[in-house]
2 protein chains.
Amino acid sequence: MMRILVVDDEPQIRKFLRISLSANGYEVVEAENGRQGIDAAAREKPALVILDLGLPDIDGQEVISAIRKESSVPIIVLSVRAQEMDKVEALDRGADDYVPKPFGIGELMARVRAALRPLQKDTAGTILEVGDLRLDFARHVVTRAGAEVHLSKREYELLHILASKPDHVLTHTEILKTVWGPAHVEDTAYLRVYVNQLRQKLEADPVTPKLIVTEPGVGYRLRTSG
Amino acid sequence: MMRILVVDDEPQIRKFLRISLSANGYEVVEAENGRQGIDAAAREKPALVILDLGLPDIDGQEVISAIRKESSVPIIVLSVRAQEMDKVEALDRGADDYVPKPFGIGELMARVRAALRPLQKDTAGTILEVGDLRLDFARHVVTRAGAEVHLSKREYELLHILASKPDHVLTHTEILKTVWGPAHVEDTAYLRVYVNQLRQKLEADPVTPKLIVTEPGVGYRLRTSG
DNA sequence: GGCCGCCTTTACGCGGTCTTTACGCCGCTT
DNA sequence: AAGCGGCGTAAAGACCGCGTAAAGGCGGCC
């Protein structure tokens, strides 16, 4: 059974999450402030943490860092503050995903499954199939409807890092640091150009991307499911 | 880094091997008699053992057997006794190769790389057929439309490593490390020249290669299908 | 000794790739 | 309604890796 820690000061949100999550087969542990949350993360060893940024005692961003010091457990952040700065900061501090309130239960469950996925199936990773696309990272080959798609080095590297965390948001900073090096974390122009090139080659309709999705002000996400 | 254990009682031979091997990018561990050699083979877990048969304490043949009891590490035997009997006995006891003294450094390095090769990558069947090409690695023969194609040593080794992982991209570094040794991982000029030579000999149309495909900025790939 | 094959090294032209810039669109703010 | 920032898109020049030819050196073989 997978244990999930919910950190939120609003009782009705905790109740809503508790019911939804346990209905989907998860075990739920709760904490109502940052202090309790950090302790519970250490004591209960949850498989996932769902954390509200607006806590009464400690700033949510600090809670992320505190948990990250001790563990690499996936963290999904909730917040009414839909400011892009908050998202980027949370992700860069080590959060795995960001869900703005209000959120639908279906959407949240999808994010939960995505966050838990790398833990469950460890063996994947070498081959990823999405629709008629097939990304074979062992063989360094990408095919679309059976036909090989030629990708340049940068294109391939960009796709690779996106696919390394399917359904996860990767921040501009994260991507640029990995593909272009730490010196180019500000060159978002690279991203615009290369994301566009990948879409031209991989998407059925490049104008309305279904595979590589933009998270405005934050980064990009490679989608494997609806 | 690949660690090689050298077992020899003559200091100047050890020195010669130490310098030659480390110049080619290997890490060297030394032992000056059979007892030390057996101990070091167990303790240091080398990737390869180079063993002189003429040792002061234990007969070299016994050392081979002792090491073989504990490990399957490749063993290259050195000896002034160029007797056929010694050679056969050493190989029968589990040595991988036999180099009579005196030896040239070039020859020894080639043996070293050959001995390490099956460790790094060895799977593929002994015979690979692509179109009208037939690569028979057991017999060391390559034919094209029935006619034998003469390949130089380097050409053959390059083709061999490419064929060891069909349809798989091998990086420049990977190929250079295996065929030319770890000290030449930067000499991509070798690759350009030898890939070109192989294409001239193997491809139907060397200008538009179908067999040995370039992955720009990454490496090369031997294609068996589409 | 001289020939020959192989390995190594260098040089150069070409084509693809990367980088950079500019512009129009859209959504959000003021 | 206008301004602004982020994004998508196209295009152009700079740059780099690659293919190719060729020459020098080394060793083996006759």
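So that the names make sense, note that chain A is the first sequence line, chain B the second, and so on, each numbered from 1.
The phosphate of dG19(D) has OP1 or OP2 within less than 4.0 Å of a side-chain N or O from R199(B). At dT20(D), one or more side-chain N or O atoms of N196(B) fall inside 4.0 Å of OP1 or OP2 (strictly under the cut-off).
Not counting sequence neighbours, the partners of V213(B) by the side chain to side chain contact (heavy atoms under 4.5 Å, CB included) test are R223(B). In this structure T188(A) satisfies the side chain to side chain contact (heavy atoms under 4.5 Å, CB included) test together with H172(A), L176(A), R192(A), sequence neighbours excluded. Judged as a side chain to side chain contact (heavy atoms under 4.5 Å, CB included), and not counting sequence neighbours, the contacts of N196(B) are Q200(B). Residues satisfying the side chain to side chain contact (heavy atoms under 4.5 Å, CB included) test with I58(A), not counting sequence neighbours, are R35(A), I38(A), E62(A), V63(A). Under the salt bridge (Lys or Arg N to Asp or Glu O under 4.0 Å) criterion, E174(A) pairs with no residue at all, not counting sequence neighbours.
In this structure, the CG atom of L158(B) is 12 Å from the P atom of dG19(D), given to the nearest Å. Distance CG (L198(B)) to P (dC6(C)): 13 Å, rounded to an integer number of Å. Atom P of nucleotide dT9(D) and atom CG of L191(A) are separated by 15 Å, given to the nearest angstrom. Between the P atom of dC12(C) and the CZ atom of R192(B) lies a distance of 14 Å, rounded to the nearest Å. Distance CG (L202(A)) to P (dG8(D)): 15 Å, rounded to an integer number of Å. With rounding to whole Å, Y220(A) atom OH is found 12 Å from dG6(D) atom P. Rounded to an integer number of Å, the gap from E203(B) CD to dT20(D) C1' is 15 Å. E157(B) has its CD atom 10 Å from the P atom of dT8(C), to the nearest Å.
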Please write out the pairs of protein N or O atoms and N or O atoms of nucleotides 16-19 of chain C separated by less than 3.5 Å, giving the distance to one decimal.
{"residue": "dT17(C)", "atom": "OP1", "partner": "H150(A)", "partner atom": "NE2", "Å": "2.8"}
{"residue": "dC18(C)", "atom": "OP1", "partner": "R154(A)", "partner atom": "N", "Å": "3.0"}
{"residue": "dC18(C)", "atom": "OP2", "partner": "S152(A)", "partner atom": "OG", "Å": "2.6"}
{"residue": "dC18(C)", "atom": "OP2", "partner": "Y194(A)", "partner atom": "OH", "Å": "3.1"}
{"residue": "dC18(C)", "atom": "O5'", "partner": "Y194(A)", "partner atom": "OH", "Å": "3.1"}
{"residue": "dT19(C)", "atom": "OP1", "partner": "R154(A)", "partner atom": "NH2", "Å": "3.0"}
{"residue": "dT19(C)", "atom": "OP2", "partner": "R154(A)", "partner atom": "NE", "Å": "3.4"}
{"residue": "dT19(C)", "atom": "OP2", "partner": "W180(A)", "partner atom": "NE1", "Å": "2.8"}

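One finds a salt bridge joining E89(A) and R93(A) here, because a Lys/Arg side-chain nitrogen approaches an Asp/Glu carboxylate oxygen to under 4.0 Å.
Here the side chains of V28(B) and L17(B) are not in contact, with every heavy-atom distance at 4.5 Å or above.
Sorted by first and then second residue, the pairs that involve residues 207-222 of chain A and meet salt bridge (charged side-chain N to carboxylate O under 4.0 Å, His left out), not counting sequence neighbours, are D97(A)-R221(A), E215(A)-R221(A).
Using a 4.0 Å heavy-atom distance criterion, Y156(B) is classed as making no nucleic acid contact.
Within residues 204-215 of chain A, no residue is approached by DNA chain C to less than 4.0 Å at the level of any non-hydrogen atom.
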List the atom pairs, with distances to 0.1 Å, where a side-chain N or O of residues 149-156 of chain B and a protein N or O form a donor-acceptor pair under 3.5 Å, not counting sequence neighbours.
{"residue": "S152(B)", "atom": "OG", "partner": "E155(B)", "partner atom": "N", "Å": "3.3"}
{"residue": "E155(B)", "atom": "OE1", "partner": "S152(B)", "partner atom": "N", "Å": "2.8"}
{"residue": "E155(B)", "atom": "OE1", "partner": "K201(B)", "partner atom": "NZ", "Å": "2.8"}
{"residue": "E155(B)", "atom": "OE2", "partner": "Q197(B)", "partner atom": "NE2", "Å": "2.9"}
{"residue": "E155(B)", "atom": "OE2", "partner": "K201(B)", "partner atom": "NZ", "Å": "3.4"}

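Candidate nucleotides dT10(C), dG19(D), dC18(D) were compared by shortest atom distance to the side chain of A189(B), and dT10(C) ranks first.
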